[in-house]
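Encoded as structure tokens, the structure appears first; notes follow it.
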Amino acid sequence: MLPLEHLHLEHVLQTVSVLEAVVRRSFGPEGGQVLFTQDTGQAMLTRSGTRILTALHLEHPLARMVVECVWKHSTVTGDGSKTFIILLASILRMIHATARKEPKASHSYNSTKTAEAATARYLADKLLAFGLKDLHDLIAREVVPYGCCVTWEDFTAKQSSSLTDNNNVQKLVASFFQTRLSLTHSDFISDLTCELLNKWKSKNGPPSYSLRFLNDNFPALHTRVSGFPISSSRLIEGQVIHRDFATPLSQADRQPIKAVVFNEYLQPKLLNTGEVLELGRGGRVMEERSIVHFSAWTERSLECVIANLKTLGVSVLLSAVKQSAAVLALATQAQLCVVECVSEDELALFAKLSGAAPVTDCHVIQPEHVAKLTFCRPILLGAHRYVHVAFQASEEMIMVEPCSLVICAPVEGQTEQYTRAFHDAICMLHTTWEPICATLTASQKTLESCNFLHMDSQAASTIGPGCVIPASGTFEFLLNRALQKHCHSYTVSSDTSNNFSVSQILATALLSIPQEIYSHNLRCFLQTQTRILNCISNDFHPSTLFYQPGHNSNPIQNGGPPEGGKLSLHCCRKGDVSSKVFVLDLGLESVSCKYQLLLAVLQCVTSLLQADTILRTHTALHTRSHRLANSSPEDTEDEFRD
Amino acid sequence: MSRLVKKSPSVCTDLPLDNADIWNKLVLLRQLLTSCFGPTARLKQVHNNIGGHVVTTSASSVLLPAISSSQPFINLIKTSILNHVSRFSDCGLFAGIFCLALIEQAKQSGLRANVSIRVNRHLLALCTSYLQREDCGCKVNLDFCSSQNLITLARSIISSKPACVLTEPEILHISKLAVQAFLLTVPCTSPGTVSLGRVVTVPVEGHPVLNSAVFPGLLVDIPDGLCLSSADHLCSSLNMVLFSASLAGDLSELGDGIIEVHQGVDTESQILDQLLELGKQVVKDEVKLFMCQKVIHPVLQQYLRSHGIIVVERLGITLMEPLTELTGAQPVAALHSVIPAKAYGKVKDLSIRQFGSKTMLHLHPVGESAICTMILCHRNETMLSELKVVCQKTEHVLRLTLREPSALLGGGCTESHLAAHVRHQTKNEVSEMVSALQCSHTEYLHGVEAFCFSLESVARALEHDGGNSLIDLTHAHHWTLPAGIMKEHMEDSLCSCGCGLVQSSPCRKWTYLNTKYAEFPPAPLLRENTVHPRVLDSFTAKLNALQVAVETANLALEVRYIIQDVN
């Protein structure tokens, strides 16, 4: 008899609440870090919800299912994993309360528990249906007009002229880092991110191209250095190859420096595995057929390659493998610098940036294999000496300024955290801009036309690309109001009560997020809510929202606003464009990320409530249970889904 | 398959700073580091549970790796300090004590963590900008025309490590050697980018410290019984060759295939013949010194020796780079081709030096060279290993002065001065900062007090013999009042401050460092050339230590949850 465990709504709620309790500690701008040790004993720091949840090594199947949902969501958007859990818990709580109050009137269920479960399941389905059908329009109609659109041109604008809205990208990234890193460093790191994006943006390509390039090549583009304060992090020109020179650096200062990439051994291996060399067969020992002869041949062949490289004017060799001592000695004599054991990622990036192909056969080296560098020198980063190269501008790369990121922090765990946060920020920006490229073919034109938000109320039917909204609960407050308006209209038109309750559930659940953000000071919560709702209701057209200087009172007397910025609203205008949008000094967040988050949570609720029983099987270890026992977040199989 | 073990759930700790166990460990670590601080520090003996050798130390770079805690929170702080030490070699204990004091004070002041973090960060910015100012009252500019300040800097580092067990003249001797070695590694004439040479340290046990010496050039271990024929000394320079490949008769680069050797074929002798060919060429080219990174075949060795060539094998990879720099030789790895003429290097002279049981071959450079060898002698192994660590640190710190030619006053004066400066500065800007940092007036003042108190606690940590720490009310320097002296006789027993720049005078006023005093602007010292500071700290290292300490403390205050993987 298998141990059966019936799942009730309470169980689900309980499990999610436990996860919520963990995640809450690092949620929002007032949240803190989570220190965790890996099974290797290495200590890591994080504020990323996904990492926290996976570090717990949860056993409960339901909890693991939730973690998997979070993991899937955050790999796509790079953001929102903590909000995911809090929203999930809140929605489940609402469903629980509703289901308890009004179990379905039908008497076909034999217990209240089952009736409750059925109602909950029904509500979850309805929620998902609502989310898939109406949510997009609702957000586009009721929330997007209050946000603004960050365009790719904002990146290109100089930081110095960031008087009005040019620093929107910076704000968007800053509020992301505020919840992912520490409050104190978010400004510094976001400036650095913007600088990085500025250097890497190609002026003629779509934004997502640059972002995807950064996203893909990030591992090769950064260097972690521990033992320095975070403020020592910086950008450096060109690329850092994370190896040292294997031969002494020659002092020759020829311009340009020519480099060649090798994937193979320069000195030919005489015998490959499995091959047999017979010496002195049949007694006919010939002097020139001795082992020395073969060994001399490989050396001569190597000399030819080196001589060929010299005629091409090459002075730097990058090699994916460890070369023999003879190669190093001959290269030193020929004044070639050798860099061995360069990782594949770095060589791929090098090839992309320099436009030179790696050499496949070292006897055929053509000019197209030769990369031109402006310099190639050692660079000391922390304890290690690396090779620092910069590229001569070629036609394809003329639009970008290649640069690498040096991430400094006192502890290794922290550099790791900053690196991940950087990567996720790029991922988040990618999600923010991605939709347009997927849906609109003439993306270039749209980008320019949607320079700033021209959201007339009739045109406002989509979530624009790069659409952002003030952070710290604005989205939730606005959507809450929109949902209440929505369900009000339903009650007026006397529609079914289900739609009413569904949007009501979602509306109330959404408020839990700002509540959590302002949990240290609930007065702040009410103040912010009132202010935002006042702003909306006082002005009939969303684009005429203004900030009145005397509107907000002294934040200190109010017990302090929640985070880095003052709670002031100010308008940002651009040139002669008449549309004005209010931007809270609280930072910004991406609307499309929020929308995707809501959908992901609703899907997770549905799938959670669909399970009703856990079967714990005790089978002998075979491949399937092997996977079960090892189930890591990378496992994308849904083994617990019924 | 059967060894597959299910992963166990992680162990969680909520709000680690409220946890009594972690709190006690933090206090213990602070006490431990405090007792190791300064020239009168209490030494620590480290020995492991399986009978390894005992290490006596007070240096953070040796002590901290020996402390292993099961608590990741402690390890976080530990690794942070260690990372700083590995980059800057100095001020590790300063960073540790300051960081732990900050955490303790922030917790005791009862401030919200985020408020403490913001205030700390603001005050750190205040400190770093003050230290980088030209008119900073606790900074001394280093003058490379005179070695006085360099020796003081070296001396401060060496004397702050009592585990070396050095007498006053020995400290001075080693300090001078350290500065001499450092100056030898700086090339005199080299336009463009300067690349520093290196100091090769050779420890010799059982000899008096005063026998330690620095030699330009390289000293290489050689087997006993070698004597130099006097004829060699006549020529102005000697040819030498350096091999990086093994000359033992193996062919390592053939690949992974199988070699079938039929009867009658003697591969070994074929290879040996090839090696002897090399030997013949070397003899023909009048090489006097034959060196190899790896092993040389005994037959080849014998052949070379019989032709009056000095053979040195098994040099190891670490000596290769200094050797090529010193001699200008290019390492040779090709066995089948003629050694090109430019691969040969030159040494000016060779001599044999004897240090205790060690016989060493001294290679003198032909021209000027930035390579030098430091022979360190000490009475026993424990002291010698500590001395070696200290000398390497000193060399590193001296190198740092090339980038930033300044030093900070030692003896606790920088800390007390900085604290007084912070107190004074913050008094003037309370109202602006309160709104910028989003905290209340009292919160801000509490935060400042916690920061200054922590800074002063580092100065107080220098005293281990029950004495009192004082601060004077004009320059805000740190003074030490020996135990058992009443306040009335204070003026007689105090003659100069910790760094030695301020002298006692009847009009001077003091107060205890751990008491509250009315803030005042610390007056900069009048620069007289006659008085030199007695104790100096590395500027670069201390600045970084300050930043790392505050950042680590902030990080520790930010940690709200610990998840320990117990698999």
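So you know, we letter chains A, B, ... as the sequences are listed, proteins then strands, and number each from 1.
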* **From CA spacing to verdict: side chain to side chain donor-acceptor pair (under 3.5 Å), B:His336, A:Ser295** => CA-CA 8 Å; B:His336 304 285; A:Ser295 168; 2.5 Å; yes

* Any chance you could lay out the side-chain contact (heavy atoms from CB on, under 4.5 Å) test for B:Leu555 and A:Gln414, step after step, and finish with the verdict? => CA-CA 9 Å; B:Leu555 184 66; A:Gln414 227 178 343; 3.5 Å; yes

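Contacts between residues 541-550 of chain B and chain A, defined by a heavy-atom separation under 4.5 Å, are made by B:Asn544, B:Gln547, B:Val548. Applying a 4.5 Å heavy-atom cutoff, the residues of residues 31-38 of chain A that approach chain B are A:Gly31, A:Gly32, A:Gln33, A:Val34, A:Leu35, A:Phe36, A:Thr37, A:Gln38.
Annotation: the span from A:Arg24 atom CZ to B:Arg560 atom CZ amounts to 13.0 Å, rounded to 0.5 Å. Separation of atoms CD1 (B:Ile117) and NE2 (A:His185) is listed at 9.0 Å; rounding is to 0.5 Å. One distance of note links CD of A:Gln42 with CG of B:Asp565; it measures 12.0 Å at 0.5 Å rounding. Distance check: B:Glu551 CD to A:Ser182 OG gives 8.0 Å after rounding to the nearest 0.5 Å. Note that NZ of B:Lys342 and CD of A:Gln335 are 6.5 Å apart. Values are rounded to the nearest 0.5 Å. In this structure, CD on A:Gln333 lies 9.0 Å from CD1 on B:Ile339, to the nearest 0.5 angstrom.
Pairing each heavy atom of B:Ala333 with each of A:Ala325, the nearest pair is CB-O, 3.3 Å.
Under the rule for a ring pair (Phe, Tyr, Trp, His ring centres under 6.0 Å), the partners of A:Phe375 that lie at least two apart in sequence or sit in another chain are A:His388. Evaluation of the side chain to side chain donor-acceptor pair (under 3.5 Å) rule for B:Thr267 yields no partner, not counting sequence neighbours.
Judged purely by atom type and a 3.5 angstrom limit, A:Glu59 has no side-chain atom pairing as donor or acceptor with the backbone of B:Ser8. With B:Arg121 contributing its side chain and A:Thr184 its backbone, the two residues share a donor-acceptor pair below 3.5 Å. A donor-acceptor pair is defined here as one N or O able to donate and one able to accept, closer than 3.5 Å; no such pair exists between the side chain of B:Asn83 and the backbone of A:Ser226.
Within the 4.5 angstrom heavy-atom criterion, no atom of A:Leu380 approaches chain B. Proximity to chain A is absent for every atom of B:Asn75, based on heavy atoms less than 4.5 angstrom apart. For B:Phe73, the parts sitting under 4.5 Å from any heavy atom of chain A are the backbone and the side chain alike. At a 4.5 Å heavy-atom cutoff, the contact between B:Leu335 and chain A is made by backbone and side-chain atoms alike. Neither the backbone nor the side chain of A:Ser232 comes within less than 4.5 Å of any heavy atom of chain B. Contact annotation for B:Thr324: neither backbone nor side-chain heavy atoms come within less than 4.5 Å of a heavy atom of chain A. Contact annotation for B:Gln274: only side-chain heavy atoms (C-beta onward) come within less than 4.5 Å of a heavy atom of chain A. Only the side chain of A:Arg47 has a heavy atom closer than 4.5 Å to any heavy atom of chain B. Interface remark: B:Pro72 contributes backbone and side-chain atoms alike to the contact with chain A (heavy atom separation under 4.5 Å). In this structure, chain A has no heavy atom under 4.5 Å from any part of B:Asn554.
Residue with the most contacts toward chain B among A:Thr247, A:Leu302, A:Leu45: A:Leu45 (heavy-atom pairs, distance under 4.5 Å). Contacts with chain A were tallied for B:Asn114, B:Ile563, B:Thr13; B:Ile563 has the most, counting heavy-atom pairs under 4.5 Å. Ranked by non-hydrogen atom pairs under 4.5 Å with chain B, the options A:Ile230, A:Leu58, A:Thr332 are led by A:Ile230. Of all the listed residues (A:Ala21, A:Ala43, A:Gly382, A:Ser26), the one sharing the greatest number of non-hydrogen pairs under 4.5 Å with chain B is A:Gly382.
Around CD of A:Glu416, the count of heavy atoms belonging to other residues, nucleotides or ligands within 6.0 Å exceeds 12.
Within the 4.5 Å cutoff, the side chain of B:Ser337 has heavy atoms near those of the A:Glu303 side chain.
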